[in-house]
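Take a look at the structure below.
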Amino acid sequence: MENNENQVVIAMPRIGDKAPSFKAVTTQGPINFPEDYKGSWVILFSHPADFTPVCTSEFMTFASMEEKFAKANCKLVGLSVDGLYSHIAWLRTIKEKIEYKGMKNVEVNFPLIEDITMEVAKKYGMMMPGESNTKAVRAVFFVDPKGIIRAIIYYPLSLGRNFDELYRAVVAMQAADAFSIATPADWRPGDDVIVPTAGSCGVAKERMENKEGIKCYDWFFCTKQISKEAIEKEILKK
Ligand code: BEZ
């Protein structure tokens, strides 16, 4: 597809879109995405290349946190435009040889997609020619249990991701769904959450008078407390 200036326009999935479907070969066998993940949150993420240092640090970190994500009903799926045998050899090297920041013997048990044709990477807008023609950037797609893309993060090749932030985002989005709230800057479970803006002057006035345990900074900015235990009970319940 081209725009008015004859530039090639690359279609990229957006927040709120159904996650584009694909079938792929992975280190854990074939997958049918997102259908195989119905009922779970899933993080589909790309890395530039196997046998590279930033990616190795990322995989060791993510694999070490896999159980924590699983408890929050969130599965992990990696992708690079390398082939299956490269993936297998790299993951074996990580397990057998690499000791990094107290992590060793790290087994990557989540699927890593081989995408030598770049079909999936292109479908998900993971190829960014201004950054690299041959490697996917560090893309992260958060897909909800209904197969809808709920958040997207992109990082360049040189910048390793913050996996605590990915976990925080999954928990925050689940909390927003479960409690019909929004989460403020840097929110963590136990911090105050944001209640939807009042639909009428009467409700806004009541809120400003600090009824129902709601604290208002102004009519459009009201918060309430939800305990860390209540959030964890809801999100870590499975
Ligand atoms: C890395 O993972 O270290 C890396 C990969 C591609 C380009 C630059 C760094």
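Order of appearance sets the numbers: ligands from 1, and atoms from 1 within every ligand. Just so we're clear, the structure is a prediction, and the values are computed from it rather than from any experiment.
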Expected output: side-chain Asp144 to main-chain Lys146 donor-acceptor under 3.5 Å: yes
field: Donor-acceptor pair between Trp219 and Thr197 side chains, under 3.5 angstrom
entry: no
- prompt: Can Glu35 and Ser21 be counted as having a side-chain donor-acceptor contact under 3.5 angstrom?
  reply: yes
query: Would you say the side-chain atoms of Asp177 pair up with the backbone N or O of Gln174, donor to acceptor, closer than 3.5 Å?
result: no
Check ligand 1 for N or O atoms under 3.5 Å from a protein N or O and list each pair with its distance.
from: ligand 1; atom 1: 2 (O); to: Thr52; atom 2: OG1; distance (Å): 2.9
from: ligand 1; atom 1: 2 (O); to: Val54; atom 2: N; distance (Å): 3.2
from: ligand 1; atom 1: 2 (O); to: Cys55; atom 2: N; distance (Å): 2.9
from: ligand 1; atom 1: 2 (O); to: Arg138; atom 2: NH2; distance (Å): 3.1
from: ligand 1; atom 1: 3 (O); to: Pro53; atom 2: N; distance (Å): 3.3
from: ligand 1; atom 1: 3 (O); to: Val54; atom 2: N; distance (Å): 2.7

- prompt: Does the ring centre of Phe163 sit less than 6.0 Å away from the ring centre of Phe69?
  reply: no
- request: Could you check whether the rings of Phe59 and Phe45 sit parallel, tilted or perpendicular, using 30° and 60° as the cut-offs?
  value: tilted
